[in-house]
Enquirer: 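A single structure is presented below for examination.
Lettering follows sequence order; numbering is per chain, from 1.
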2 protein chains.
Amino acid sequence: MPSPLGDKIRARRIQLEMSLEDLAIATGSSKGYLWELENRDKANPSADKLIKIAAALGVTTEFILDESPEVEPEASVLDEAFFRRYKKLDSKRKDKVQKFLDMWEDED
Amino acid sequence: MPSPLGDKIRARRIQLEMSLEDLAIATGSSKGYLWELENRDKANPSADKLIKIAAALGVTTEFILDESPEVEPEASVLDEAFFRRYKKLDSKRKDKVQKFLDMWEDED
DNA sequence: TTTTTTTGTTCGTTATATAGTACCATCAAT
DNA sequence: ATTGATGGTACTATATAACGAACAAAAAAA
């Protein structure tokens with residue numbers, strides 16, 4: 001009896017071709033616990049774990065917490081997650097990223 | 001030493017003119033615990049509590065969890081402009097950009 | 001003022017989130 | 001076939017989220 005929260009974590013993890021151990025390392029958790037989150041019906045992680053898992057999976061915490069069982073994060077959700085990371089970059093790195101966009105937009 | 005999470009909860013609660021007990025009732029928690037969330041420096045509520053508190057306060061969980069300091073408006077405008085361009089990229093190029101973020105975030 | 005009610009604070013206890021270890025299964029390489 | 005990785009499952013121990021009840025401040029009523 002997996003929870004929608006667990007289904008989303010597993011689906012996204014597999015989509016990124018990560019093992020439980022990969023995710024455990026990326027999020028500073030034990031893989032045993034991550035397995036429980038994905039497969040046990042009472043999944044109730046702490047804010048701290050939630051934030052780290054969402055970051056490692058490149059999705060928003062909102063997406064993971066949402067009760068509706070859509071396992072495929074719609075593109076907009078992924079974009080928002082990216083944007084939150086982007087905003088934290090220093091300006092030099094932001095410029096680097098923008099250079100890529102300039103280049104790509106010139107291609108077509 | 002209140003956490004940003006605690007500050008947001010308290011600010012919003014007072015804005016709605018709710019007492020700790022009001023919020024405790026609305027969210028099915030003890031007011032003692034809610035006080036800890038607002039005033040203790042290590043605030044780490046569970047997903048369950050998070051969802052209920054956000055609902056009672058009429059905000060998103062994302063808002064409560066977001067720890068990033070508010071950015072100055074001038075920069076945010078530029079970021080939004082970038083984001084509009086980013087969203088138009090195909091997924092392969094989006095992945096490429098994200099790889100850079102992965103790398104940079106690992107550096108520090 | 002004095003009393004009563006409301007709101008906030010503290011703390012010992014309990015429930016449970018999470019780590020840690022060890023156990024199975026699969027598969028690749030020897 | 002056997003060994004050694006690798007990924008998943010299960011179980012026990014421990015740290016801590018969360019409660020409940022009592023105490024303190026403040027506010028409001030009297």
Enquirer: Nearest whole Å is fine: how far is C:dG8 P from B:Ile9 CD1?
Expert: 14 Å
Enquirer: OP1, OP2 of C:dT9 versus side-chain N and O of B:Asn39: anything below 4.0 Å?
Expert: yes
Enquirer: Side chain of A:Leu20, heavy atoms from C-beta onward: which of D:dG8, C:dA17, D:dA18 has the nearest atom to it?
Expert: D:dG8
Enquirer: Let me know the distance between CD of A:Glu21 and C1' of C:dA22, rounded to the nearest Å.
Expert: 14 Å
Enquirer: Report the nucleotide, chosen from D:dA18, D:dA22, C:dA17, that has the shortest atom-to-atom distance to any side-chain atom of B:Tyr33.
Expert: D:dA18
Enquirer: With a 4.0 Å cut-off, would you call A:Arg10 and A:Asp7 a salt bridge?
Expert: yes
Enquirer: Between A:Ser30 and B:Met18, which residue's closest nucleotide on DNA chain C lies nearer the 5′ terminus?
Expert: B:Met18
Enquirer: Taking only the side-chain heavy atoms of A:Lys31 (C-beta and beyond), determine which of C:dA19, D:dA17, D:dT9 contains the nearest atom.
Expert: D:dT9
Enquirer: Measure CG/A:Asp41 against P/C:dT16 and give the value in whole Å, please.
Expert: 13 Å
Enquirer: To the nearest Å, how far apart are B:Leu34 CG and D:dA17 P?
Expert: 14 Å
Enquirer: Hydrophobic cluster membership, with links at side-chain heavy-atom distances under 4.5 Å among I/L/V/M/F/W/Y: are A:Ile25 and A:Met18 in one?
Expert: no
Enquirer: What integer distance in Å separates B:Glu17:CD from C:dT7:C1'?
Expert: 14 Å
Enquirer: Nearest whole angstrom, please: distance from the P of C:dG8 to the CZ of B:Arg40.
Expert: 17 Å
Enquirer: Pick the closest DNA chain D nucleotide for B:Asn44 and for B:Gly32 by heavy atoms, then say which residue is nearer the 5' end.
Expert: B:Asn44
Enquirer: Reckon A:Arg13 has a side-chain N or O less than 4.0 Å from the OP1 or OP2 of D:dG8?
Expert: yes
Enquirer: Rounded to the nearest Å, what distance is computed from the CZ atom of residue B:Arg10 to the C1' atom of nucleotide C:dG8?
Expert: 12 Å
Enquirer: Quick check: does any side chain N or O of A:Asp66 sit under 3.5 Å from a backbone N or O of A:Glu62, one acting as donor and the other as acceptor?
Expert: no
Enquirer: Measuring to OP1 and OP2 of C:dA19, would you say a side-chain N or O of A:Lys49 lies under 4.0 angstrom away?
Expert: yes
Enquirer: Both B:Ser46 and B:Glu36 contact DNA chain C. Which one's nearest nucleotide lies toward the 5' end?
Expert: B:Glu36
Enquirer: When the distance from CD1 of A:Ile53 to C1' of C:dA17 is rounded to whole Å, what number comes out?
Expert: 12 Å
Enquirer: For the pair A:Asp90 and A:Lys94, find out whether any cationic side-chain nitrogen is under 4.0 Å from an anionic carboxylate oxygen.
Expert: no
Enquirer: Which nucleotide sits closest to the side chain of B:Trp35: D:dA17, C:dT10, D:dG8?
Expert: C:dT10
Enquirer: Do the two ring centres, one from A:Tyr86 and one from B:Tyr86, sit under 6.0 Å apart?
Expert: no
